[in-house]
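Written below as structure tokens is the structure these notes are about.
Each residue takes its place number in the sequence, starting with 1.
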Amino acid sequence: MEKKVSYDAFWMPFTANRDFKANPRIINRAEGMYCYSDKNAQLLDATAGLWCVNAGHGRAEIGEAMAKQVAELDYSSPFNFGHDIGFEFAERLVKYTPVGMDKVFFTNSGSEAVESALKIAMAYQQAKGNTGKFKFIGRELGYHGVNYGGISVGGLTTNRTGFGPLLQTDHLGHTLDIERNAFSQGLPEFGVEKAEQLEQLIQFHGADSVAAVIVEPISGAGGVILPPKGYLRRLREICDKHDVVLIFDEVITGWGRLGHAFAAEAFDVTPDLITSAKGISSGVVPLGAVFAKNEIYQTVVNNAPEGAVEFFHGYTYSGHPVACAAGLATLDIYEREGLLHRASGEIGEYFQQGLHSLKGIPSIVDIRNYGLIGAVQFAQPAHGKPIGFDILKQCYDKGVMVRSMGNTIALSPPLIIEKQHIDVIVDTLSAVAKKLEI
């Protein structure tokens, strides 16, 4: 008799557990663009797992590199000891970062990368003698992980409610402006003036109290919200004016999602710190990082006495040798197959055209895209309950895996996607959308 797996013990994250366990969606294997259910149904992965499997599923060379590393060095403490593969990986990574961002602090996830970046920003301000700079500014609808720093600067109400008190943080308004920018292809034209709110917040709190500003270049979990043209550059100018650290959370936008290694390159705006995870290992193994400007590293390190620990922060698994092996193999794939720039070419254009072909379906109120990330936003149903989760289920039943956020469906397929896969995604969304009664 086939063994029946129990679903009782696993408390699933960000999941309606009772709903799921009443009708489970179980994925047991994956290859290329596809996942396969426990019933052996083929499912086109339109979200790269969770914005992360950029190189596609089942890349044997990544697993082989990890197995080889386990046999050679499975683990070594990162506190006061090092290993060659960690330093090798760091040197490879900084070849992709903006000029002057040549330092890497390893973490295990995007959430940890955000916590680390916030603490690095604080340490930097302290080392400069700015002892009063301890406040942060985030943004509405921003997602920066689920640790306490991340939910403090994050702007998703459901992630914050019930978990206070939090860090002293204020929030910029979000940049979603459907009235003026609906169905924009690429960056929206209107809304650069929204950046001026940062000047107002800094003036309100006092420039001598604000340590850092953190934003996603493109908000992911908040609904794939793009920055208006010129918006990020204006944030950079305001931060420079007031000696405020600018952090780009690129956990989603990094590693080819926008057709460049980072959004900082795509939008030609260099922050002081960049957080990274997900695509850094193509989701195969937990791995994250913070990339820092040299000046930040030097200021923190040189402020401490000789022989003393300069930054009291880190993780047992920072720069884990097996994770580094996976990361190096992932970079090899990206380089060999040209995946980091693929979204800025013909396939990105085809993705854009496909999504915007849905315009005109009555239930759809907006479509947003850049590179190989996109969103289709549906009208609020008359009954008031968000429709996205129902759309997710219907797409799953039709063989396509999408991500839902309220009334929005987000798409972030593996970078290996081909035109025929885009056609399936678009056709599936079209079929579901045309049957909605809103």
Side-chain angles (χ1 to χ4, degrees), residues 69 72-109 111-136 147-150 153 167-168 207-214 239-240 242-248 264 270-277 280 287-325 327-328:
Q69 184 59 44
E72 183 173 327
L73 175 65
D74 56 351
Y75 176 78
S76 176
S77 168
F79 301 171
N80 296 304
F81 298 94
H83 42 73
D84 282 345
I85 194 168
F87 291 103
E88 177 188 357
F89 186 38
E91 289 296 327
R92 281 282 296 279
L93 286 171
V94 298
K95 292 179 180 179
Y96 296 95
T97 53
V99 174
M101 300 191 78
D102 296 332
K103 305 301 178 185
V104 186
F105 192 95
F106 284 117
T107 70
N108 309 291
S109 67
S111 290
E112 288 184 359
V114 167
E115 301 297 301
S116 300
L118 296 177
K119 291 175 77 174
I120 289 171
M122 287 280 286
Y124 171 67
Q125 297 288 11
Q126 293 292 313
K128 290 179 66 177
N130 296 328
T131 56
K133 282 181 173 283
F134 60 90
K135 296 179 181 178
F136 297 100
N147 293 339
Y148 266 89
V153 296
L167 300 181
Q168 291 201 36
D208 57 353
S209 73
V210 179
V213 173
I214 181 169
C239 286
D240 286 341
H242 297 290
D243 195 14
V244 172
V245 174
L246 179 60
I247 306 169
F248 277 3
T270 301
D272 301 299
L273 299 169
I274 291 176
T275 62
S276 180
I280 197 173
L287 177 61
V290 180
F291 299 104
K293 279 187 174 178
N294 299 333
E295 195 260 335
I296 288 181
Y297 171 84
Q298 296 295 344
T299 300
V300 173
V301 169
N302 293 335
N303 187 59
E306 187 68 31
V309 173
E310 300 98 353
F311 184 46
F312 284 85
H313 177 70
Y315 304 97
T316 300
Y317 302 114
S318 293
H320 193 290
V322 179
C324 290
L328 284 166

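From F248, atom CZ reaches atom OG1 of T270 across 8.0 Å, with rounding to the nearest 0.5 Å. Between F89 atom CZ and L287 atom CG the span is 5.0 Å, to the nearest 0.5 Å.
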Side chains of residues 289-298: which donor-acceptor pairs under 3.5 Å do they make with residues two or more places apart or in other chains?
residue: K293; atom: NZ; partner: D272; partner atom: OD1; Å: 3.3
residue: N294; atom: OD1; partner: D102; partner atom: N; Å: 3.2
residue: N294; atom: ND2; partner: G100; partner atom: O; Å: 3.4
residue: N294; atom: ND2; partner: D102; partner atom: OD2; Å: 3.2
residue: E295; atom: OE1; partner: Y124; partner atom: OH; Å: 2.7
residue: E295; atom: OE2; partner: Y124; partner atom: OH; Å: 3.2
residue: E295; atom: OE2; partner: T299; partner atom: OG1; Å: 3.2
residue: Q298; atom: OE1; partner: N302; partner atom: ND2; Å: 3.4

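Residues P78 and S318 share a closest heavy-atom pair of CB-O, 3.4 Å. Between I85 and Q69 the shortest heavy-atom distance is CD1-OE1, 3.3 Å. Shown here for F106 and G86, the closest heavy-atom pair between the two residues is CE1-O, 3.9 Å. Scanning both residues, Q125 and V210, for their nearest heavy atoms gives NE2-O, 4.3 Å.
Put simply, the side chain of I247 reaches to within 4.5 Å of the side chain of T275, judged on heavy atoms. No side-chain heavy atom of N303 sits less than 4.5 Å from a side-chain heavy atom of E310. The shortest distance between side-chain heavy atoms of Y148 and L118 does not fall below 4.5 Å.
Scored by the side chain to side chain contact (heavy atoms under 4.5 Å, CB included) test, F312 finds V309 as partners (sequence neighbours excluded). H313 is linked by a ring pair (Phe, Tyr, Trp, His ring centres under 6.0 Å) to F105, F311, Y315, counting only residues two or more places apart in sequence or in another chain.
A salt bridge between D243 and K128 is present, with a side-chain N of the basic residue lying under 4.0 Å from a carboxylate O of the acidic one.
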Kindly indicate, with the supporting measurements, whether the criterion side-chain contact (heavy atoms from CB on, under 4.5 Å) is fulfilled by L93 and I280.
CA-CA 9 Å; L93 286 171; I280 197 173; 4.1 Å; yes

#### Entry: Residues V104, V94; criterion side-chain contact (heavy atoms from CB on, under 4.5 Å); working and verdict
CA-CA 8 Å; V104 186; V94 298; 3.4 Å; yes

| query | For F136 and M122, what are the C-alpha separation, side-chain angles and deciding distance, and is it a side-chain contact (heavy atoms from CB on, under 4.5 Å)? | reply | CA-CA 10 Å; F136 297 100; M122 287 280 286; 3.5 Å; yes

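Side chain of H320 to backbone of N108: no donor-acceptor contact under 3.5 angstrom is found.
Enclosure of atom CZ in F87 is not indicated, since only 12 or fewer non-hydrogen atoms of other residues, nucleotides or ligands lie within 6.0 angstrom.
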